[in-house]
Amino acid sequence: MMRTSGRLLRLLTLLQTHRDRTGAELAAHLGVSRRTLRRDVERLRELGYPVHAARGVAGYRLGVGTRLPPLLLDDDEAIAVAIGLRTGAGGSVAGIEEVSLRALTKLEQVLPSRLRRRVNTLHTATVRAGEVPAPQVSADTLMAVAEACRGHELLRFDYVAPGRGPAVRSVEPHSLVSFGHHWYLVAWDTDRADWRTFRVDRLTPRIPTGPRFSPRDLPDGDVAAYLARQLSSRVWAFQATVTLHESAAAVADRVWPGMGVVEPVDDGSCLLHLGADSPRDLAWMITSVDADFTLTHAPPELADALRAQGTRCLNAVRGT
């Protein structure tokens with residue numbers, strides 16, 4: 001019986017390569033006759049695995065089933081799933097915490113002791129620090145928006161922007177982006193005839209979605225780069241562009257995600273586009289990059305904030 005069980009797992013592993021396998025090839029790999037192979041295929045089907053006869057090659061392929069059969073994972077895959085479930089239990093998607101914990105409990109119950117020990121070691125040795133509580137997003141909302149993006153279907157939703165009342169927006173959704181502690185929808189706003197970004201935790205989709213549309217090309221080509229540019233400058237009350245007198249590659253590690261967008265100029269300089277709630281915050285962000293700079297486009301208040309910061313620093317070291 002153990003030999004048969006092991007052979008079934010091996011057969012399932014071969015079928016999970018997502019290509020057609022001839023009966024002769026599978027039988028040779030397993031060291032069994034074609035008749036035994038056919039019996040093993042039937043056993044897999046009884047367990048819920050949709051093993052289909054592949055046309056034209058006298059073989060088999062693993063299809064998509066109507067119910068979830070037992071899952072076969074190797075060691076690295078099992079650890080990755082366990083870590084992902086534990087992360088999901090404390091993530092920003094509402095409604096999946098309990099589900100993630102239930103799935104994690106089931107997985108840990110069947111993990112071999114060597115793998116369970118590795119997962120538990122990582123968990124007990126890890127401490128989450130400095131995390132800012134993020135507004136949670138409904139899993140149903142994420143799925144509704146994702147399906148509209150994938151199907152290129154017009155999406156209407158109620159949206160509550162800061163300092164404004166609720167409004168109904170109509171967009172051609174492009175992509176969902178997880179950035180920092182938030183989920184964002186990047187979309188073409190049909191009413192404003194321009195690209196816009198929306199916090200997903202602030203929107204409520206109106207279902208059903210609208211008619212299909214032809215996807216548009218993003219201005220920057222890269223949705224992550226476009227969103228970073230939007231978040232770093234255009235949505236803030238105070239915006240600035242400074243020339244850093246170092247190359248973009250040299251300062252890349254000093255500009256954290258969401259802080260600003262670095263634009264290469266030449267081997268010795270680059271532009272930093274950024275924004276903040278106040279000139280003082282802008283001054284702190286710019287000087288934190290630790291590079292010589294020149295103000296290129298900036299509000300007058302930024303120069304005052306930089307002078308005040310410089311004076312404060314000189315006073316701190318005067319007489320030492």
Side-chain angles (χ1 to χ4, degrees), residues 80-81 83-101 103-104 128-192 194-210 213 215-236 255-261 273-277:
V81 171
I83 293 172
L85 288 171
R86 196 177 293 279
T87 302
S92 61
V93 182
I96 68 168
E97 304 95 329
E98 183 180 348
V99 176
S100 297
L101 286 173
L104 179 61
R128 289 188 175 186
E131 290 194 357
V132 178
Q136 289 192 324
V137 178
S138 162
D140 291 339
T141 296
L142 276 180
M143 287 305 304
V145 176
E147 288 173 355
C149 291
R150 181 177 180 179
H152 307 309
E153 297 172 339
L154 195 71
L155 181 66
R156 297 179 72 241
F157 52 84
D158 298 299
Y159 193 72
V160 181
R164 304 176 187 175
V168 178
R169 309 296 289 266
S170 180
V171 303
E172 297 175 0
H174 184 281
S175 298
L176 273 174
V177 184
S178 176
F179 194 98
H181 297 283
H182 302 288
W183 286 88
Y184 295 90
L185 168 64
V186 177
W188 174 265
D189 192 313
T190 58
D191 295 327
R192 292 157 179 78
D194 196 7
W195 288 98
R196 291 289 191 272
T197 59
F198 303 92
R199 281 261 300 271
V200 179
D201 59 286
R202 295 173 178 165
L203 67 83
T204 304
R206 292 194 172 195
I207 306 298
T209 53
F213 61 87
R216 302 172 187 266
D217 294 328
L218 275 171
D220 293 344
D222 185 317
V223 66
Y226 172 78
L227 180 62
R229 185 179 295 275
Q230 293 291 309
L231 297 181
S232 63
S233 59
R234 299 178 189 175
V235 300
W236 298 104
V255 179
W256 62 85
M259 170 186 174
V261 176
H273 308 275
L274 71 172
D277 287 326

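Source: prediction; values computed, not measured. Hydrogens, waters and symmetry mates play no part in the numbers below; they use all other heavy atoms, side chains included.
- At a threshold of 4.0 Å, the pair R199-D201 counts as salt-bridged, since one of the basic side-chain nitrogens sits closer than that to a carboxylate oxygen.
- Applying the side-chain contact (heavy atoms from CB on, under 4.5 Å) rule to D217 yields no partners; only residues at least two apart in sequence or on another chain are considered.
- With a 4.5 Å cut-off on side-chain heavy atoms, F213 and W188 do not count as touching.
- Applying the side-chain contact (heavy atoms from CB on, under 4.5 Å) rule to A161 yields the partners Y159, R164; only residues at least two apart in sequence or on another chain are considered.
- Using a 4.5 Å cut-off on side-chain heavy atoms (C-beta onward), L185 and C149 make contact.
- Atom CH2 of W195 sits about 7.5 Å away from atom CD of E172, to the nearest 0.5 Å.
- Applying the side-chain hydrogen bond (donor to acceptor under 3.5 Å, both in side chains) criterion to S170, with sequence neighbours excluded, gives T190.
- Pairing each heavy atom of F198 with each of A187, the nearest pair is CE1-CB, 4.4 Å.
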- Item | Evaluation steps, side-chain contact (heavy atoms from CB on, under 4.5 Å), between V255 and L274 | CA-CA 10 Å; V255 179; L274 71 172; over 6 Å; no
- Task: Show the numbers, then the answer: is there a side-chain contact (heavy atoms from CB on, under 4.5 Å) between V177 and T197?
- Result: CA-CA 10 Å; V177 184; T197 59; over 6 Å; no
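- Under the side-chain contact (heavy atoms from CB on, under 4.5 Å) criterion, I83 pairs with I79, T87, L122, sequence neighbours left out.
- The side-chain heavy atoms of T141 and F157, taken from C-beta on, include no pair separated by under 4.5 Å.
- Residue pairs meeting the side-chain hydrogen bond (donor to acceptor under 3.5 Å, both in side chains) criterion with at least one member in residues 146-156, sequence neighbours excluded: E153-T209.
- In plain terms, the two heavy atoms of R196 and Y226 that are nearest each other are N-OH, 4.0 Å.
- Within the model, atoms CG of L155 and CG of L203 stand 7.5 Å from one another, a figure rounded to the nearest 0.5 Å.
- Residues V171 and P173 approach most closely at O-CD, 3.4 Å, considering heavy atoms.
- Applying the side-chain hydrogen bond (donor to acceptor under 3.5 Å, both in side chains) rule to R169 yields the partners D189; only residues at least two apart in sequence or on another chain are considered.
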- Message: Let's go through L218 and H174 carefully: what are the C-alpha distance in whole Å and the side-chain angles of both, what is the deciding distance for side-chain contact (heavy atoms from CB on, under 4.5 Å) to 0.1 Å, and is it a yes or a no?
- Response: CA-CA 9 Å; L218 275 171; H174 184 281; 3.6 Å; yes
